[in-house]
2 protein chains.
Amino acid sequence: MNFTISEENYLKAIFHLQEKDGTVTTNALAEKLQTKPASVTDMMKKLSAKKLLNYKPYYGFSLSAEGKKIALFIVRRHRLWEYFLSEKLKFDWNEVHALAEELEHVSSKQLIDRLDQYLGFPQFDPHGDPIPDHKGKIKNVNKISLFDLPFNQMAEVLQVTNQSTEMLELLEHKNITIGTRLEVKKHFDFDHSVELKIKTTTLTISEQLAKNIFVTYEPGA
Amino acid sequence: MNFTISEENYLKAIFHLQEKDGTVTTNALAEKLQTKPASVTDMMKKLSAKKLLNYKPYYGFSLSAEGKKIALFIVRRHRLWEYFLSEKLKFDWNEVHALAEELEHVSSKQLIDRLDQYLGFPQFDPHGDPIPDHKGKIKNVNKISLFDLPFNQMAEVLQVTNQSTEMLELLEHKNITIGTRLEVKKHFDFDHSVELKIKTTTLTISEQLAKNIFVTYEPGA
DNA sequence: ATTATTTTTTAGGTTTGTCTAAATTTTAAA
DNA sequence: TTTAAAATTTAGACAAACCTAAAAAATAAT
């Protein structure tokens, strides 16, 4: 049950493409991994020989149950390191990804479980993506953009899709960060800007910003 | 200035052999890296082509100034991760080495400098080995075995050379750990056992144990 | 329903780091 | 000082992961 860095990168990339687009093509995977389609085909043979993929030449491929399980553990490692880098070492959200790409390949399960414990079993990484637990299970959450959140519904900031320096600067200025609890009070018809209430403060943000912030809420509460 | 994991392992191994034995032979290096002499020769050619080694076929080799500098940074990474694993994740001394072997190859300088800061700029790893600073400099300390420490001389535990589970158990029972301040009061001629004073407590340890504990002290104090 | 285009795979080659077996060179012994 | 032993290096192979260029299959267009 030990994989090369390359194999791990392929498994993770397939997992993400599957999540996002439903299907995975040779070209898309080559694009994502900054490699050539021929190299992808080579690796597909290798991974399907190891039963991590369902693969029929020309007919595409998808992760097997085993392959998905492994991908989830790689994602777990990646996101826990991201959380560590952000929370403990104070790296910016846009810096953590690249560093976690390297750290995720240190594969000791015990190390990762201890790290998880040390961090207090976080549920989401700094980008708001869910962290699989020690069994590889991802908690299912209702995620909705702040723009689509019903009025007067208490919600919690979970994810920020665009993490440009500019946007992070704006969020910091408005005191909105992951975990912030807030509710939407009103939409203005003129420019579709959104009025928010955070604790006792009321403020307004643009449509553009609201559409890039995702929140969870309990539909009853 | 980017090296493969293999190159890094060779540089580090040469550094350690140079420290310990003064010289490095092809066979010794092969032994240390669990590989074959022929593979070592191959790598020696590669590293000397990169000017990291002084190498003359059949006449041996040693790190160049540049090679030593790089080795020190690898050692820095290794020891900082060991400290992190021990201090923060509560791994035992004898578990941290293997894990740090993997983590040390994550090479971002910024990451390591932040980690250093987060850990409070530790001077020694859990085995008592000195951690090079952000410039790669190792602090020079007077290290002496507890068995050879002069009487009534206050000293601080720095290093434990044998870190078997059995020895760690014994140390824990006697409340001796890295950083413990103590002095030697007496040697018993019969079995060469050593009487120590820690704070206000007096206890006796065996010759064997004393020879595996290393301490620093200020020869004047 | 053919032809053209795109996608994917095969064939053959490269680099890195390893190996075994054979050839050198150095060191030790007779 | 010649021979024997040990250490080291060379020669030639191999697996992993990549590449380019050409062939094959699937999809789209006329």
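Proteins get letters first, then strands, A, B, ... in listed order; numbering begins at 1 in each. When reading the values below, keep in mind they use all heavy atoms of this one structure, side chains included, and skip hydrogens, waters and symmetry mates.
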Worksheet entry | Nucleotide dC18(D), atom C1' - distance to CD of Glu7(A) in whole Å | 14 Å
Worksheet item: Which of these passes side-chain contact (heavy atoms from CB on, under 4.5 Å) with Ile14(A): Lys68(A), Met44(A), Glu19(A), Met43(A)?
Response: Met44(A)
Discussion item. As a test of reading the structure: which of dC18(D), dA16(D), dT20(C) is closest to the side chain of Ala38(B), going by heavy atoms?
Written reply: dT20(C)
Worksheet item: Which ring-ring contact (aromatic ring centres under 6.0 Å, His included) pairs, counting each pair once, include a residue from residues 103-141 of chain A, with sequence neighbours left out?
Response: none
Item to complete: In whole angstrom, give the distance that lies between atom CE of Met43(B) and atom P of dT15(C).
Response: 16 Å
Discussion item. Using a 6.0 Å cut-off, check whether atom CG of Asp189(B) has over 12 heavy atoms from anything other than its own residue.
Written reply: no
Worksheet entry | Set of residues satisfying salt bridge (charged side-chain N to carboxylate O under 4.0 Å, His left out) with respect to Lys12(A), sequence neighbours excluded | Glu101(A), Glu104(A)
Discussion item. Please determine whether a side-chain nitrogen or oxygen atom of Tyr10(B) lies at a distance below 4.0 Å from atom OP1 or OP2 of dT16(C).
Written reply: no
Discussion item. Any residue in residues 47-62 of chain A with a heavy atom nearer than 4.0 angstrom to DNA chain D? Just list them by number, or reply none.
Written reply: Tyr58(A), Tyr59(A)
Practice prompt. Take atom CG of Asp42(A) and atom P of dT20(D), then tell me their distance rounded to the nearest Å.
Written response: 13 Å
Worksheet item: Under a 4.0 Å heavy-atom cut-off, which of residues 15-31 of chain A touch DNA chain D?
Response: none
Side-chain donor-acceptor contacts of residues 83-92 of chain A below 3.5 Å, not counting sequence neighbours, with atom names and distances?
| from | atom 1 | to | atom 2 | distance (Å) |
| --- | --- | --- | --- | --- |
| Lys90(A) | NZ | Glu87(A) | O | 3.0 |

Discussion item. Please report the distance, rounded to the nearest Å, between NZ in Lys36(B) and C1' in dT16(C).
Written reply: 18 Å
Worksheet entry | Whole-Å gap separating P (dC19(C)) and CG (Leu33(B)) | 10 Å
Practice prompt. Take the protein atom CG of Asn9(A) and the nucleotide atom C1' of dC18(D), then report the distance between them rounded to whole Å.
Written response: 14 Å
Worksheet item: Where each residue is assigned the nucleotide of DNA chain D containing its nearest heavy atom, which of Ile5(A) and Val40(B) is assigned the position nearer the 5′ end?
Response: Val40(B)
Fill in: Side-chain heavy atoms of Pro122(B) within contact of Arg79(B), under 4.5 Å
no
Fill in: Any pair counted as ring-ring contact (aromatic ring centres under 6.0 Å, His included), so long as it reaches residues 5-27 of chain B, sequence neighbours left out
none
Worksheet entry | Pair Asp21(A)-Thr23(A), side-chain donor/acceptor within less than 3.5 Å | no
Practice prompt. With heavy atoms under 4.0 Å as the rule, sort Ser39(B) into base, sugar-phosphate or nothing.
Written response: base
Worksheet entry | Backbone of Leu52(A) reached by a side-chain donor or acceptor of Ser64(A) within 3.5 Å | yes
Fill in: Short side-chain N/O contact to dC19(D) OP1/OP2 from Thr35(A), under 4.0 Å
yes
Worksheet item: Is the phosphate of dA16(D), meaning OP1 or OP2, less than 4.0 Å from a side-chain N or O of Ser6(A)?
Response: no
Worksheet entry | Side chain of Lys45(A) (C-beta onward), nearest among dT10(C), dC19(D), dT16(C) | dT10(C)
